[in-house]
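Structure record follows, encoded as structure tokens.
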Amino acid sequence: MRSFFSSLSLSLLGAATALVALPAHAQPVQSLIIKLKPLAQQVQTSSQTVAQSSKSAGRESAQARSENHERISALSRSSGVLVAKHRSLGLEHQLLVLNKTVQGQDLEDTMRRLRLDPQIESVEPNVRLQLQETTPNDTEFAQQWHLGSSQVNASALNLPKAWDRTTGSGQVVAVLDTGILPHPDLVGKVVPGYDFVTNEVVGNVSTANDGNGRDSDPSDPGDWVTTQEAQVGCPKQPESSWHGTFIAGQIAAASNNGQGVAGVNWGAQILPVRVSGKCGALLSDVLDGMRWSAGLHVDGVPDNTRRARIINLSFRGDAPCSSSYQSVIDEVTAAGSLLVVAAGNTPGEKGSLQLRRPADCRGVMAVGAVDAQGAKTSYSFIGSNMALMAPGGTDGVNSQLLSTSNSGVTSPEVAIYGYKQGTSFAAPLAAGVASLMLAINPSLTPQALIARMRAAARPHTFTSGLSQCTGATQFTGACNCTTNECGAGLLDAGQSVLLAYAPSAVIRLIGTPSAGTDITLDGSASAAVQGASVARYQWSVVSGAVASLQNTNSPVLKLKLAPSTQQYVLKLQVTDSLGAVGEDTIAFASTAPVDSGGGASPWLWGVGLWLLLIALGVQKYKEVATKHSDINNAA
Ligand SMILES: [Ca+2]
Ligand SMILES: [Ca+2]
Ligand SMILES: [Ca+2]
């Protein structure tokens with residue numbers, strides 16, 4: 001991890017950061033950047049320099065240096081501008097360090113005197129550039145405290161810093177939820193989705209509430225449940241939640257459009273996948289919706305042509321991760337889509353706070369909720385599978401999160417903005433940030449997104465008067481997080497987007513890892529950001545005995561496995577042409593050779609078979625209903 005950080009800072013010098021200058025002549029400057037008109041001989045020298053070696057590009061030849069020195073000395077004499085020292089800046093420009101600081105009219109005069117010299121093609125002041133913080137003009141942005149600076153609210157996302165570098169560009173983010181409603185702040189932000197809600201009758205409630213089963217219209221008809229309808233398995237819910245519309249706005253509301261709220265990703269498109277009707281969501285509808293969002297085929301449904309690389313799931317965990325859930329998660333992740341999931345909320349002050357599915361499944365990004373100061377909210381589940389924490393809001397209008405909603409109490413009425421709280425609304429913030437990272441580096445895998453967002457997270461905060469979170473066994477109210485149960489730290493959009501610039505290392509295992517045989521690890525799908533290329537590969541063994549390891553700097557590694565079955569972890573580190581480093585590891589277990597005559601223990605066979613099952617994603621699932629992970633103040 002150390003190399004990842006240290007070399008990343010190098011890459012940022014070369015990254016396409018948005019820098020703005022103060023008004024040029026308002027600043028004091030100590031140096032100027034000039035371009036001398038080319039001499040024929042000098043042009044030739046420069047070309048030769050380029051041709052010699054790409055490594056020496058930009059370096060002057062001794063001859064050119066001498067010529068430039070003579071010309072600048074003459075320039076100094078003729079213009080009366082005193083030059084303390086100078087050096088070349090790229091192939092065509094010279095940096096002149098003056099013998100005094102100049103500013104305002106003095107600076108203007110100095111530049112004018114140089115421009116009068118016929119040798120000079122251009123002059124500009126060597127000003128100090130400042131990072132811009134992009135703030136959208138949406139009228140309610142000031143109410144979206146959680147998107148702003150962490151200097152103001154300790155848990156806020158620092159999005160203006162991220163928006164300096166990217167505001168997104170067409171990333172498709174799936175929202176598996178209650179569907180979606182029209183909203184002025186979602187115009188042009190929604191691609192055609194699907195309604196996966198199976199119409200079952202629970203008691204006397206038709207759960208789909210739109211008169212039919214699966215259909216191509218994911219509009220949200222409302223998910224209220226009256227007292228008369230409520231029964232075991234279908235809890236009373238006097239008001240519709242408009243949960244999906246709220247989350248869509250959090251991720252992708254029309255931003256900087258002078259109205260309403262800003263979304264995390266201004267360029268994102270929401271893929272609305274309706275899976276939850278009245279009484280919650282059927283597990284099978286959620287699993288089908290996940291697969292369809294990732295571009296996988298679901299029988300009876302037209303294939304999704306707008307594959308989502310990010311899928312948001314904001315459901316309250318009802319049970320430990322099941323094989324069906326894990327299998328679909330593995331399949332969707334292997335297809336390249338990241339699942340960002342809410343940690344889940346405790347329904348009251350009883351019971352365990354332990355993460356449940358999907359937040360306790362492998363391979364997801366589980367996001368818990370903190371308050372404005374960064375303390376764990378009383379409602380958020382916690383546990384060792386947590387990736388990180390994000391603001392989820394607490395009681396009180398100005399402490400909750402603001403997004404797109406609807407005025408209808410039961411059926412839809414008028415588009416409005418509304419406040420909510422819950423881990424349901426912490427997860428979409430992470431989904432939005434992940435989609436911004438893809439705008440910079442589309443080659444980031446789900447695993448890389450999780451690793452980088454965790455690495456980018458700010459440390460957990462300490463709020464005096466609160467005790468330390470002590471594990472997930474019982475309700476403790478708000479508490480101070482540790483990395484044991486709250487993940488790596490607090491979601492930071494500015495830093496996450498920075499870490500997106502480093503190259504992605506991608507390892508593919510080719511062949512069956514039978515003990516004693518050769519296998520191939522292919523790293524050639526590794527990729528750097530636009531404008532850079534992968535310059536170096538470095539393979540290494542983290543654990544497991546490898547009989548031979550050759551060509552460790554090649555994109556493709558041939559590996560001779562030890563004759564006995566065992567577990568291996570190998571690492572690929574790629575360095576890009578800007579010096580930034582990204583890495584990936586792969587873990588696998590070798591199986592006994594097929595013709596070994598039964599020498600391997602059944603247990604070791606089991607390990608290999610188990611890994612194979614995960615890879616193939618062939619588990620069956622059972623169906624139960626799950627509920628959203630929001631806190632409904634009205635309920
Ligand atoms: Ca329907
Ligand atoms: Ca429908
Ligand atoms: Ca807006």
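The model shown is predicted, which means the values in this text are computed figures rather than measured ones. Just so you know, these numbers use all the heavy atoms, side chains as well, and skip hydrogens, waters and symmetry mates.
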Listed partners of R306 passing salt bridge (charged side-chain N to carboxylate O under 4.0 Å, His left out), at least two apart: none
Sidechain-backbone polar pair: Q269 side chain, G188 backbone, donor-acceptor under 3.5 Å: yes
Nearest-0.5 Å distance that lies between atom CZ in F381 and atom NZ in K376: 9.0 Å
Contacts of D303 that satisfy side chain to side chain donor-acceptor pair (under 3.5 Å) - sequence neighbours left out: H297
Residues in side chain to side chain donor-acceptor pair (under 3.5 Å) contact with E229, at least two apart in sequence or another chain: T226, K278
Pair listing, disulfide bond (SG atoms under 2.5 Å apart) test, anchored in residues 171-205, at least two apart: none
Between CG on residue N345 and OG on residue S380, distance to nearest 0.5 Å: 6.5 Å
Point-to-point distance, once rounded to the nearest 0.5 Å, from CG of N209 to SG of C279: 9.5 Å
With D220 via salt bridge (charged side-chain N to carboxylate O under 4.0 Å, His left out) - residues at least two apart: none
Test item: S240 side-chain N/O and W242 main-chain N/O as donor-acceptor pair under 3.5 Å: no
Ring centres under 6.0 angstrom apart (F315, H243): no
Derivation and outcome, salt bridge (Lys or Arg N to Asp or Glu O under 4.0 Å), residues R274 and D217: CA-CA 9 Å; R274 182 171 183 248; D217 178 5; over 6 Å; no
Atom pair OG (S241) and CG (D223), whose distance is rounded to the nearest 0.5 Å: 3.5 Å
Any donor-acceptor pair under 3.5 Å from Y417 side chain to S405 backbone: no
Residue pairs passing the disulfide bond (SG atoms under 2.5 Å apart) test where at least one lies in residues 287-364, sequence neighbours excluded: C321-C361
Nearest heavy atoms of V286 and L176, plus distance in Å: O-CD2, 3.6 Å
Main-chain N/O of L402 paired to Q143 side chain as donor or acceptor, under 3.5 Å: no
For A359, all residues meeting side chain to side chain contact (heavy atoms under 4.5 Å, CB included), sequence neighbours excluded: V341, L355, A366
Under the salt bridge (charged side-chain N to carboxylate O under 4.0 Å, His left out) test, residues paired with D138 that sit two or more places apart: none
Under the side chain to side chain donor-acceptor pair (under 3.5 Å) test, residues paired with S411 that sit two or more places apart: none
Partners meeting ring-ring contact (aromatic ring centres under 6.0 Å, His included) with H460 (sequence neighbours left out): none
Qualifying side chain to side chain donor-acceptor pair (under 3.5 Å) pairs with a residue from residues 250-268, counting only residues at least two apart or across chains: Q171-N265, D185-N257, N265-S435
Main-chain N/O of T178 paired with S276 side-chain donor or acceptor, under 3.5 Å: no
Main-chain N/O of N158 paired with W163 side-chain donor or acceptor, under 3.5 Å: no
Partner residues of D285 under the salt bridge (charged side-chain N to carboxylate O under 4.0 Å, His left out) criterion, sequence neighbours left out: R214
Under-4.0 Å salt bridge between R357 and D318: yes
For the student: nearest non-hydrogen atoms of G363 and T333, plus distance: O-OG1, 4.2 Å
Shortest non-hydrogen contact between S314 and S424, atoms and distance: OG-O, 2.8 Å
SG atoms of C469 and C481 less than 2.5 angstrom apart: no
